[in-house]
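Single-structure report; data block below.
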Amino acid sequence: MQVDEATVRRIARLARIKVSDEEAKGLEKELSGILDWVKQLDDVDTSAVEPMTRVVEQKLKMRDDVVTDGEIADQVTANAPMSEDNFFVVPKVVE
Amino acid sequence: MTDLTKLTMAEARDGLKKKSFSALELTDAFIASIEKGNSALNAFVLSTPEHARAQAKASDQRIGEGKARPLEGLPIGNKDLFCTNGIRTTACSKILGDFKPPYESTVGQNLWDAGAIMLGKLNNDEFAMGSSNETSAFGNVVSPWRRKGPDGKITTDKLVPGGSSGGSSAAVAAHLCLAATATDTGGSIRQPAALTGTVGIKPTYGRCSRWGIVAFASSLDQAGPITKTVRDSAMMLKAMASHDPKDTTSVDAPVPDYEAALSKGVKGLRVGIPKEYRVDGMSAEIQKLWDDGISWLKAAGATIHEISLPHTKYALPAYYIVAPAECSSNLARYDGMRYGLRVNGDDLIDTYENTRAAGFGKEVRRRILIGTYVLSAGYYDAYYLKAQKVRTLIKRDFDEAWNSVDVVLTPTTPSPAFAFGEKSGDPLAMYLEDIFTVTVNMAGLPGMSVPAGLSSQGTPLGLQLIGKPFDEETLFRTAQVIEDAAGRFPVPDAWWMKG
């Protein structure tokens, strides 16, 4: 599997990570190498196998439909890079 | 007075009980060791002496009142992946900056409720992604172990302490704390334990709550302790494990008294030796270590059986699809808006991209990109779904093995500790560090590493025990037999304390 520079840029865009031209070149090689290596899984016949969804069989737990938390806006915003009056301040989203 | 930091956790517990020393004296001894020795090792990324002393005073009061809890007054280190209320938690990533969680992890809270004392936060690979602690934003952890050169003389080569829980393994081996919390996604407890002569257990998935632990790959992550001895490991896991309604994968099952299992021995126990773990190029010393383990268990009354786990070789490639996929989803939350680092750009997307490029280190970016790729439109079935199917087969191999054996014995790592830079240039070489440990995470089983010998370079090697789901007790009693036979492996020279 060869990952070309355009693919690296497309993935980086999807992942919201800026990559420099130099990094993109290195990543082409590294990602191709790793993806080539994982392709050995094609040797395994999985046509009649269910994908794993959880390692330990367990009935999904239910909880009471009640409010258990809240009224802590000051704590929620305490670590924000920018906040004002318990609101997050973010770059403009809608033009 | 003896050096209190050299005690095992169980010995320290006995000493406190007999009032040979106070919790404050014990804590001060560790604080002094950290002040003196940490700069050479870089195991702690944050030391919290005042917090520790306040806890120690409270412990002394409880001991005086005869109200001591199971870990009362015992000082430990806490991996920086565990959120600590009001105390900086970074996962050793720049992207979390100066993050101070307004809550405590469940595992941490369990430990403090049992009376344990926190000395500080321990270094790890960034977001627990690495096998050498070389990806931490706080820099490498240096192993307290030094290896012999070809002339037989001890070198000053800086060795890795393993990873991702490299701060935990180094701090315990160097007597900077009695024990440490750790996490294991593909081997991050067992591999560092093996490389430092310490004991590490990754319990069954669901045994410990994941709540309040910074997530890497949620279907694989599990907390556990790194300790000096098997008994200490039993003490720690008993306190860390619990059912937690805040983690839906946490299992509502009683936590046994693991210490009680230690004296049960292995008479009649059926031990499986998986032939697929005899990988090509396995070194003679690893082979000998494994054979020694077999002899010790046989001598103690266990029976040895060759078993087959046919899909073993596919565990690592499947892991390197599943783990990056889950990592790319989990780490999507670091967007520079609600906490941590923000690097402003021309618009919102530019700000996201700048923040994530500056905040994540190289290995984390690499894994996010791999994960994004394998989950992207058109590739999901070929990679992620395929890997999850292979995972079913890996688990099935073990399910079948449990029909004929009670526990599986393997080496923990393919080789002893290496020096900085020896593997960091090649991601695939580094990934192979987890070749023996990763299957256990893929199948959700409990796995434990016990020190079992020294390499030709004079550095530690570990044996791994793999158990049935929720049968940590069998691991503890088997590990005790190995420890009794092999002895313990303290670091010969405390060079880091010499300034």
Side-chain angles (χ1 to χ4, degrees), chain A residues 1 3 7-8 10-20 23 26-27 30-31 33-58 60-63 68 72 74-83 88-95, chain B residues 98-102 204-206 219 245 248-249 251-252 311 313-314 317-318 320-321 328 332 335-342 344-345 347-354 356-357 360 365-366 368-373 376 383 385-393 395 427-428 442-444 469:
Chain A
M1 183 65 212
V3 179
T7 309
V8 170
R10 186 176 59 84
I11 303 166
R13 183 76 177 173
L14 282 171
R16 300 282 185 263
I17 297 176
K18 194 164 275 182
V19 291
S20 66
E23 277 176 310
L27 281 164
E30 283 172 14
L31 300 191
I34 294 168
L35 291 168
D36 270 345
W37 172 69
V38 302
K39 280 312 260 183
Q40 60 181 291
L41 296 185
D42 289 348
D43 301 347
V44 188
D45 179 6
T46 52
S47 49
V49 182
E50 287 291 311
M52 180 179 277
T53 49
R54 58 194 315 160
V55 286
V56 175
E57 292 279 332
Q58 203 188 141
L60 207 55
K61 287 185 260 185
M62 307 288 270
R63 70 166 178 86
T68 57
I72 48 164
D74 52 334
Q75 287 184 39
V76 171
T77 54
N79 282 288
M82 275 181 87
S83 68
F88 294 110
V89 179
V90 301
K92 196 171 169 187
V93 180
V94 184
E95 290 299 327
Chain B
D98 199 32
F99 180 64
K100 290 194 182 75
T204 314
Y205 185 81
S219 78
T248 52
T249 63
V251 170
D252 191 2
H311 296 92
K313 70 178 263 208
Y314 299 109
Y320 275 96
I321 293 173
S328 77
D335 59 4
M337 298 298 126
R338 290 154 300 159
Y339 44 78
L341 182 75
R342 180 187 295 180
N344 288 311
D347 54 21
L348 180 68
I349 291 192
D350 203 40
T351 301
Y352 287 152
E353 292 190 342
N354 285 344
R356 290 164 63 81
F360 292 131
R365 293 200 304 272
R366 184 188 287 138
I368 291 174
L369 293 174
I370 292 273
T372 305
Y373 182 84
S376 65
Y383 288 104
L385 204 67
K386 179 80 185 182
Q388 289 290 55
K389 287 179 177 177
V390 171
R391 208 171 159 187
T392 298
L393 294 172
K395 182 167 187 295
L428 284 177
M442 294 299 270

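Just so it is clear, the model here is predicted, and its values are computed rather than measured. Each chain gets a letter, A, B and so on, in the order its sequence line appears, and its residues count up from 1.
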What part of A:K92 lies closer than 4.5 angstrom to a heavy atom of chain B: side chain, backbone, both or neither? backbone
Side chain, backbone, both or neither: which part of A:V56 has an atom under 4.5 Å from a heavy atom of chain B? side chain
Heavy-atom cut-off 4.5 Å, strictly under: side chain, backbone, both or neither for B:L385 against chain A? both
Those residues at least two apart in sequence (or on a different chain) that pass side chain to side chain donor-acceptor pair (under 3.5 Å) with B:S328 are none
Is A:I17 close to chain B through its backbone or its side chain, or both, or neither, when contacts mean heavy atoms under 4.5 Å? both
Would you mind checking which part of A:S83 comes under 4.5 Å of any heavy atom in chain B, side chain (CB onward), backbone (N, CA, C, O), both or neither? neither
When the 4.5 angstrom heavy-atom criterion is applied to A:R13 and chain B, the contacting part is both
So what's closer than 4.5 Å to chain B heavy atoms on A:A78: side chain, backbone, both or neither? neither
Quick check: does any side chain N or O of B:K395 sit under 3.5 Å from a backbone N or O of A:M52, one acting as donor and the other as acceptor? no
Heavy-atom distance under 4.5 Å to chain A: side chain of B:D98, backbone, both or neither? backbone
With a 4.5 angstrom heavy-atom cut-off, could you sort out which part of B:A443 is near chain A: side chain, backbone, both or neither? backbone
A:Q40, part contacting chain B, at a heavy-atom distance under 4.5 Å: both
Under the rule for side chain to side chain donor-acceptor pair (under 3.5 Å), what residues qualify as partners of B:Q388, not counting sequence neighbours? B:Y384, B:R391
